[in-house]
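When reading the values below, keep in mind they use all heavy atoms of this one structure, side chains included, and skip hydrogens, waters and symmetry mates. Per chain, numbering begins at 1; letters A, B, ... match sequence-line order.
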Amino acid sequence: MIFANQYIQERIKKRDILKAEGINPYPNQISKGTPSAQFLEECAYLHTLEIGEKSNKDKIYSLTGRIRFIRIMGKAAFAKIEDSAGTVQIYYNRDDLPEGYYNLIKKLIEVGDLIEAKGFAFVTQTGEITLHCASLTIVTKAISPLPEKFHGLTDHELRYRQRYLDMIMNPQIKENFVMRSKIVSLIRRFFEEKSFLEVETPMMHPIPGGANAKPFVTHHNALGIDRYLRIAPELYLKRLIVGGMEAVFEINRNFRNEGMDHTHNPEFTMIEFYWAYHTYRDLIKITEELFAYLFAHLDLPSKLPYGDLEIDFKTPFAVISYTEALTTVGGVPAEIVSDREKALAYLRHHHIKVDANLSLGYLQAELFDEFVENRLVNPTFIIDFPIDISPLARRSDEQSEIAERFELFIAGKEIANGFSELNDPIDQYERFKGQVQTKAATGDDEAMHMDTDYVKALSYGMAPTAGEGIGIDRLVMMLTNQHSIRDVLLFPAMKPEMPTAESEESEQ
RNA sequence: GUCUCGUUAGCUCAGCAGGUAGAGCAAUUCACUUUUAAUGAAUGGGCCCUAGGUUCGAAUCCUAGACGGGACACCA
């Protein structure tokens with residue numbers, strides 16, 4: 001039974017005593033008191049008064065919050081109570097509370113409980129603004145004790161599994177999530193101001209598409225068919241462009257059935273936006289604008305620390321072509337970059353395992369991942385991708401082997417991916433077929449499926465469009481100097497804990 | 001997926017030449033009416049992650065597994 005622990009039993013007893021004494025341990029109708037920060041600010045003037053007169057008994061405050069510390073000294077006690085604005089000290093004693101109340105609740109109110117304290121402000125001998133209580137009400141009795149007050153909760157596993165407890169014990173982590181919320185809100189506002197329309201497209205797809213990734217499979221009982229949790233909203237958003245919505249975006253979750261690590265969670269948040277009558281060059285500009293907008297509204301300096309690195313977010317960002325980056329950043333000789341056999345030999349020479357049947361484009365991708373990606377620290381747009389690895393991107397009108405595509409890298413990580421969209425239905429059909437063949441030939445289960453309905457949509461004519469996806473989780477990591485995606489996700493995915501024999505039995 | 005480190009009281013951690021399981025905080029009881037991780041005294045609290053193995057004897061050594069952290073690989 002989950003409440004078997006002796007400390008919990010001890011607290012349940014106290015809850016029962018409260019009830020027996022006619023005190024509801026879970027009363028309703030409690031109004032939130034003055035925020036702690038406001039209380040401290042309003043009473044700061046007390047410090048300026050004469051010694052012995054540092055109080056104002058005429059002004060009664062109500063404070064609500066969770067008890068974090070209690071120091072009982074016989075007939076008087078100090079406690080610290082915490083609300084979302086911070087911590088404030090309260091003082092209560094036997095003679096200033098209603099008759100008999102102090103002795104009744106002295107042992108029944110404890111660390112972890114939520115309380116409401118009413119009284120006046122004064123300054124203690126040690127100079128702390130404190131509420132002198134005339135009444136003390138239990139708002140919510142906590143029956144589980146909080147972790148140790150000095151060291152707090154440090155166990156990562158417990159922090160992720162019991163995020164609420166993490167937030168109580170490590171309130172500073174809330175800053176990351178406030179920042180995350182602001183970033184998402186600003187991104188939304190930015191695109192709305194640019195007259196983009198926010199839309200919601202299906203998360204359950206009949207055919208997983210829009211990215212190279214393994215999907216989660218679920219089942220629709222009524223129809224008797226499997227559905228895939230979306231790996232990207234891309235193909236639906238482009239159907240909307242065909243339908244005449246000329247600027248759309250969606251901010252929401254995608255699901256990929258792959259490994260989990262410090263930069264991957266099975267569900268993650270992306271914004272994807274599609275913009276008719278624009279090209280990937282316009283995307284580069286609007287992405288830079290978006291970063292400038294975020295930095296301005298978040299009031300961030302242009303140079304941010306990221307671990308040992310310092311990242312300069314000053315726009316414009318560097319722009320380098322894919323093949324140029326291979327030589328200038330990756331140090332791969334130009335003749336190797338452009339020759340399939342030499343590229344293959346070069347990769348093998350560097351002990352990188354590659355399939356001998358891979359095309360030049362795929363080999364270049366291997367070279368890029370190996371020699372370039374993690375060297376791109378400051379924001380850098382890598383443009384003009386090999387067409388082979390860009391099955392949804394438009395072919396360059398000048399060079400047929402090049403896709404009008406870019407990826408934005410920051411701190412060695414891909415943050416955004418955008419391109420001029422392929423809108424030739426016949427070309428798209430052939431590229432899907434190529435992907436299907438790759439899937440069959442190499443067993444690459446991340447290669448794309450044929451989506452004939454999407455090709456059909458294109459056949460009605462999609463305006464020349466540019467589209468981009470930005471990984472929100474990673475962006476938040478960059479801007480908050482966090483190195484684990486779990487620290488920017490409120491409830492990161494965790495493996496189930498192995499149930500103990502005891503809990504299995506009692507939960508029956 | 002690979003490597004590596006970890007898992008002992010509610011929390012934070014000691015303990016490991018193999019010999020009856022420890023501390024601090026928290027809890028219980030007592031004292032204490034301006035404390036700051038309050039203080040002083042006493043008491044209770046453990047499937048030492050799980051399953052095997054070695055051994056007279058395992059928290060400690062070995063094997064396998066579970067779950068986490070970190071690094072690498074793949075991906076966003």
Next on the checklist: Without decimals, in angstroms, what is the distance between A:Ile90 CD1 and B:U34 P?
Outcome noted: 16 Å
Checklist outcome for this item: In numerical order, the residues of residues 367-389 of chain A whose heavy atoms come under 4.0 Å of RNA chain B are A:Asp369
Checklist entry - Is any NZ, NE, NH1 or NH2 atom of the basic residue among A:Glu82 and A:Arg66 found under 4.0 Å from an Asp or Glu carboxylate oxygen of the other? => result no
Checklist entry - How long is the line joining CD of A:Glu157 and P of B:C11, in whole Å? => result 11 Å
Next on the checklist: Expressed as a whole number of angstroms, how long is the span from A:Arg71:CZ to B:A38:P?
Outcome noted: 5 Å
Checklist entry - Got a sec, which residues hit ring pair (Phe, Tyr, Trp, His ring centres under 6.0 Å) with A:Phe273, two or more places apart in sequence or on another chain? => result A:Phe191, A:Phe196
Checklist outcome for this item: Hits for ring pair (Phe, Tyr, Trp, His ring centres under 6.0 Å) against A:Phe190, two or more places apart or cross-chain, chain-then-number order -> A:Tyr293
Next on the checklist: Heavy atoms only, 4.0 Å cut-off, all strands: where does A:Gln6 land among base, sugar-phosphate and nothing?
Outcome noted: base
Item to check | Qualifying residue for salt bridge (Lys or Arg N to Asp or Glu O under 4.0 Å) with A:Glu421, from A:Lys238, A:Arg405, A:Arg394 | outcome: A:Lys238
Next on the checklist: By the 4.0 Å heavy-atom rule, please label A:Thr124 as base, sugar-phosphate, or nothing.
Outcome noted: base
Next on the checklist: For a quick check of understanding: with a heavy-atom distance under 4.0 Å over all strands, which category does A:Asn417 fall into, base, sugar-phosphate or nothing?
Outcome noted: nothing
Item to check | Non-neighbouring partners of A:Arg474 that pass salt bridge (charged side-chain N to carboxylate O under 4.0 Å, His left out), sequence neighbours left out | outcome: none
Checklist entry - With a 4.0 Å cut-off on heavy atoms, is A:Gly469 in touch with a base, just the backbone sugar-phosphate, or nothing at all? => result nothing
Checklist outcome for this item: Contacts of A:Tyr61 meeting side chain to side chain donor-acceptor pair (under 3.5 Å) (sequence neighbours excluded), chain-then-number -> A:Glu42
Next on the checklist: Rounding to an integer number of Å, can you tell me how far A:Ile72 CD1 sits from B:A27 C1'?
Outcome noted: 13 Å
Next on the checklist: I want to check one thing: is the phosphate of B:C11, taken as OP1 and OP2, less than 4.0 Å away from some side-chain N or O of A:Ser144?
Outcome noted: no
Next on the checklist: Parallel, tilted or perpendicular, judged at 30° and 60°: which one describes the rings of A:Tyr160 and A:His156?
Outcome noted: tilted
Next on the checklist: side-chain hydrogen bond (donor to acceptor under 3.5 Å, both in side chains), that's the test. Do A:Gln162 and A:Tyr164 meet it? Break it down for me.
Outcome noted: CA-CA 5 Å; A:Gln162 293 180 268; A:Tyr164 48 90; 3.0 Å; yes
Checklist entry - Taking the C1' atom of each, how far is B:A26 from B:U43, in whole Å? => result 14 Å
Next on the checklist: Give me each pair satisfying side-chain hydrogen bond (donor to acceptor under 3.5 Å, both in side chains) with a member in residues 365-386 of chain A, each pair once, sequence neighbours excluded.
Outcome noted: A:Tyr280-A:Asp384
Checklist entry - Between A:Asn93 and A:Met270, which is nearer to the 5' end of RNA chain B once each is assigned its nearest nucleotide? => result A:Asn93
Checklist entry - Looking across every strand, which nucleic acid part, if any, lies under 4.0 Å from A:Met169 by heavy atom: base, sugar-phosphate, or nothing? => result nothing
Next on the checklist: Check this one for me: any side-chain N or O of A:Gln125 less than 4.0 Å away from OP1 or OP2 of B:U35?
Outcome noted: yes
Can you check nucleotides 24-26 of chain B for protein contacts, nitrogen or oxygen pairs under 3.5 Å, and list what you find?
unit_1, atom_1, unit_2, atom_2, d
B:A26, OP1, A:Lys149, NZ, 2.8

Checklist entry - For A:Gln162 and B:C67, what is the distance between atoms CD and P respectively, to the nearest whole Å? => result 18 Å
Checklist entry - Across the strands shown, which category fits A:Phe122 at heavy-atom distances under 4.0 angstrom: base, sugar-phosphate, nothing? => result base
Checklist entry - Are A:Arg161 and A:Asp166 ion-paired here, with the side-chain N under 4.0 Å from a carboxylate O? => result no
Next on the checklist: Taking A:Lys214 first and then A:Glu258, would you say they form a salt bridge - that is, a charged N and a carboxylate O separated by under 4.0 Å?
Outcome noted: no
Next on the checklist: Wobble G-U and Watson-Crick pairs count when both distances are under 3.5 Å; given that, what is the 5' to 3' dot-bracket string of RNA chain B, with | for pairing to other strands?
Outcome noted: (((((((..((((.....[..)))).(((((.......))))).....(((((..]....))))))))))))....
Distances under 3.5 Å between protein N/O atoms and the N/O atoms of nucleotides 28-30 of chain B, please, pair by pair.
unit_1, atom_1, unit_2, atom_2, d
B:U28, OP1, A:Lys14, NZ, 2.3

Checklist entry - Excluding sequence neighbours, so at least two apart, what forms ring pair (Phe, Tyr, Trp, His ring centres under 6.0 Å) with A:Tyr322? => result A:Phe368, A:Phe385
Under 3.5 Å, sequence neighbours excluded: what are the donor-acceptor pairs made by side chains of residues 69-81 of chain A?
unit_1, atom_1, unit_2, atom_2, d
A:Arg71, NH2, A:Gln89, OE1, 3.0
A:Lys80, NZ, A:Glu128, OE2, 3.1

Checklist outcome for this item: For A:His205, the ring pair (Phe, Tyr, Trp, His ring centres under 6.0 Å) test, sequence neighbours excluded, returns A:Tyr236
Next on the checklist: I need the CZ-C1' distance between A:Arg161 and B:A66, as an integer number of Å.
Outcome noted: 11 Å
Checklist outcome for this item: Separation of B:G68 atom C1' from A:Asp487 atom CG, nearest Å, is 14 Å
Item to check | Distance in angstrom units between A:Met73 CE and B:A37 P, rounded | outcome: 13 Å
